[in-house]
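The structure appears right after this line, and notes come after that.
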Amino acid sequence: MRIYTIEIDKMPIALKLAAYGVSHLDLIIAAFHPDPQYAKYSPGFVLDEFWMKIVFEKRLNVDFGAGSEPYKLFWSRNVKNDLANYRIPDTLAGAAAIHLWRLKRRVSAHLAERRKRQPAPVPA
């Protein structure tokens with residue numbers, strides 16, 4: 001495991017945790033300081049350039065994990081894999097939980113669609 005950080009005055013503003021194997025590197029997790037004054041400098045991207053340089057030098061394969069975040073698409077030249085999740089309950093309580101979860105998603109989508117269709121309020 002390796003932790004890569006960018007620090008300002010000994011305060012981390014970007015951090016990436018990676019696991020090295022013999023021929024590959026797996027990106028485990030990233031964290032960033034919440035202050036927007038640092039975000040404008042893209043510290044995560046700067047950090048990616050640093051550790052990707054090491055990856056290229058050592059000729060390692062990289063697994064960024066699931067997701068289509070912009071940095072993953074950038075480094076993979078827009079190569080992505082679609083994933084699917086299946087929820088298969090094995091108890092009555094699990095079936096009820098999944099049913100309620102699906103109901104909540106449908107209601108949320110319906111309410112969002114209604115909000116889009118409503119005319120904007122007229123200022124007085």
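In terms of modelled atom types and a separation under 3.5 Å, the side chain of D9 and the main chain of M11 share no donor-acceptor contact.
The nearest pair of heavy atoms linking P12 to E7 is CA-CG, 3.9 Å. Minimum heavy-atom separation, Y38 to P43: O-CD, 3.2 Å. For the pair H33 and D35, the tightest heavy-atom approach, listed with the atom from each and the gap, is ND1-N, 3.1 Å. In terms of heavy atoms, I3 sits closest to L17 at CG1-CD1, 3.6 Å. Nearest heavy-atom pair across Y41 and V46 is O-CG2, 4.0 Å.
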Without placing hydrogens or testing angles, list every side-chain donor-acceptor pair under 3.5 Å for residues 94-120, not counting sequence neighbours.
from : atom 1 : to   : atom 2 : distance (Å)
S108 : OG     : K104 : O      : 3.0

Identify every side-chain donor-acceptor pair in residues 51-67 under 3.5 Å, counting partners at least two apart or on other chains, and give the distances.
from : atom 1 : to  : atom 2 : distance (Å)
W51  : NE1    : D48 : OD1    : 3.0
D63  : OD1    : G65 : N      : 2.8

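Side-chain contact check for Y71 versus L27: some heavy-atom pair is nearer than 4.5 Å. With a 4.5 Å cut-off on side-chain heavy atoms, L25 and R2 do not count as touching.
Put simply, F74 and F50 are part of the same group of oily side chains (I, L, V, M, F, W, Y) that touch within less than 4.5 Å, one to the next.
In this structure, NZ on K16 lies 11.0 Å from CD1 on I29, to the nearest 0.5 angstrom. To the nearest 0.5 Å, atoms CZ (F45) and CD1 (I6) are separated by 11.5 Å.
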